[in-house]
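Worth saying up front: this structure is predicted, and the values here are computed from it rather than measured.
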Amino acid sequence: MGTTGGDRERVYKTVKDSNVYAVISPQMGKQVVAFLAAMEIMAEQFPGAFSGYSLQVMESHQASKLDISGTAKAVISCFQKLGVSFELDQIQQIQDPKQQFEMVGVLEEYLNGHAFHIVSFEFQHNVCGRSIYAEGTVDATIFLAKKIQSGAEQRIYNMIDVLREGNMR
């Protein structure tokens with residue numbers, strides 16, 4: 001069952017009480033699920049990593065859909081955990097069929113049933129000076145100090161280990 005609507009607790013209870021096998025998910029599109037899973041992993045392992053970056057989200061659904069999609073909410077939630085400042089009211093929702101066709105490219109035969117999500121996040125790595133490397137070195141030093149203080153295993157760590165522990169200042 002793929003839906004973000006309805007009473008989730010009631011749906012789960014009904015299925016569980018029925019003693020049947022079931023897959024219940026807010027999203028059934030495999031590629032979208034894979035993308036969201038990757039985003040969740042990244043958000044969990046590297047919180048705040050993209051603080052200061054910007055995001056744009058546009059979505060288009062049939063005119064009868066009145067709420068923001070669960071897909072958009074999930075993507076935004078991940079980016080928020082990654083430090084991107086973005087609120088749901090910043091989503092550009094395209095509900096007008098003419099705009100859906102012209103701006104988003106929804107074919108006329110799908111105007112009554114479609115879901116387009118356009119997430120624009122640009123990663124650009126431009127370094128002027130050396131401060132970015134110095135900051136990483138300071139973060140690594142703080143990370144090692146914490147490891148020493150806690151009596152952690154003596155081993156060689158890398159910067160991914162530093163990031164995984166949320167050591168982004």
Side-chain angles (χ1 to χ4, degrees), residues 1-123 143 150 152-153 155 157-168:
M1 176 187 306
T3 182
T4 56
D7 181 342
R8 300 296 285 173
E9 289 181 27
R10 185 172 164 204
V11 168
Y12 275 91
K13 182 179 180 344
T14 300
V15 172
K16 186 174 181 182
D17 291 350
S18 298
N19 199 29
V20 297
Y21 293 98
V23 173
I24 302 173
S25 178
Q27 176 58 257
M28 298 301 274
K30 297 180 292 183
Q31 294 81 1
V32 176
V33 172
F35 176 75
L36 290 172
M39 290 295 297
E40 282 289 340
I41 292 165
M42 192 165 53
E44 180 183 308
Q45 292 188 9
F46 309 116
F50 295 116
S51 181
Y53 281 73
S54 62
L55 179 69
Q56 292 180 325
V57 178
M58 179 191 312
E59 73 170 5
S60 172
H61 292 272
Q62 59 278 2
S64 62
K65 182 169 178 58
L66 303 175
D67 60 343
I68 295 169
S69 72
T71 301
K73 289 176 183 176
V75 169
I76 290 166
S77 174
C78 291
F79 274 106
Q80 288 170 332
K81 292 173 191 170
L82 287 162
V84 176
S85 178
F86 192 92
E87 300 301 324
L88 294 179
D89 62 3
Q90 293 176 269
I91 297 172
Q92 182 182 2
Q93 290 187 285
I94 310 298
Q95 296 294 116
D96 177 63
K98 184 177 182 201
Q99 289 182 326
Q100 291 172 332
F101 177 75
E102 292 175 358
M103 290 176 58
V104 187
V106 179
L107 297 177
E108 191 171 344
E109 62 260 32
Y110 298 112
L111 288 173
N112 290 325
H114 70 278
F116 281 39
H117 300 92
I118 301 151
V119 178
S120 300
F121 173 80
E122 182 179 356
F123 176 77
F143 169 84
S150 71
E153 174 189 2
R155 68 178 187 87
Y157 296 95
N158 61 40
M159 283 303 288
I160 295 172
D161 297 317
V162 175
L163 296 180
R164 279 195 178 124
E165 291 198 16
N167 292 298
M168 297 277 299

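Nearest heavy atom pair, residue Leu36 against residue Thr71, reads CD2-O, 4.4 Å. Of all heavy-atom pairs spanning Ser54 and Phe121, the tightest one is O-CD1, 3.5 Å. In terms of heavy-atom proximity, Ser69 sits nearest to Ala72 at OG-N, 3.0 Å. When all heavy atoms of Tyr110 and His114 are compared, the closest pair comes out as O-ND1, 3.1 Å. The nearest pair of heavy atoms linking Asp161 to Asn158 is OD2-N, 2.8 Å.
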* Take Met42 and Phe50, measure what side chain to side chain contact (heavy atoms under 4.5 Å, CB included) needs, and give me the verdict at the end. => CA-CA 11 Å; Met42 192 165 53; Phe50 295 116; 4.2 Å; yes

* I would like to know whether Val119 and Met39 meet side chain to side chain contact (heavy atoms under 4.5 Å, CB included); could you show each step before the answer? => CA-CA 13 Å; Val119 178; Met39 290 295 297; over 6 Å; no

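Other residues, nucleotides and ligands contribute at most 12 non-hydrogen atoms within 6.0 Å of the CZ atom of Arg10. Tyr21 OH: 12 or fewer foreign heavy atoms inside a 6.0 Å radius. Within a 6.0 Å radius of CG in Asp17, other residues, nucleotides and ligands contribute more than 12 heavy atoms. Annotation: Glu109, atom CD; neighbour count of heavy atoms from other residues, nucleotides and ligands within 6.0 Å is above 12.
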Name each donor-acceptor pair under 3.5 Å that joins a side chain in residues 93-106 to protein atoms two or more places apart or in another chain, with its distance.
{"unit_1": "Gln93", "atom_1": "NE2", "unit_2": "Glu59", "atom_2": "OE2", "d": "3.4"}
{"unit_1": "Gln95", "atom_1": "NE2", "unit_2": "Gln62", "atom_2": "O", "d": "3.4"}
{"unit_1": "Gln95", "atom_1": "NE2", "unit_2": "Lys65", "atom_2": "O", "d": "3.0"}
{"unit_1": "Asp96", "atom_1": "OD2", "unit_2": "Lys98", "atom_2": "N", "d": "3.4"}
{"unit_1": "Asp96", "atom_1": "OD2", "unit_2": "Gln99", "atom_2": "N", "d": "3.1"}
{"unit_1": "Gln100", "atom_1": "NE2", "unit_2": "Ser60", "atom_2": "OG", "d": "3.3"}
{"unit_1": "Gln100", "atom_1": "NE2", "unit_2": "His61", "atom_2": "O", "d": "2.5"}
{"unit_1": "Gln100", "atom_1": "NE2", "unit_2": "Ile94", "atom_2": "O", "d": "3.0"}

Using residues 75-92 as the side-chain source, report each donor-acceptor pair under 3.5 Å to any protein atom, sequence neighbours left out, with the distance given to one decimal.
{"unit_1": "Gln80", "atom_1": "NE2", "unit_2": "Phe86", "atom_2": "O", "d": "2.5"}
{"unit_1": "Gln90", "atom_1": "OE1", "unit_2": "Glu87", "atom_2": "N", "d": "2.6"}

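Interatomic distance, CD of Glu165 versus OH of Tyr157, reported as 8.0 Å (0.5 Å rounding). A distance of 12.5 Å separates NZ of Lys16 from CD of Glu9, quoted to the nearest 0.5 Å.
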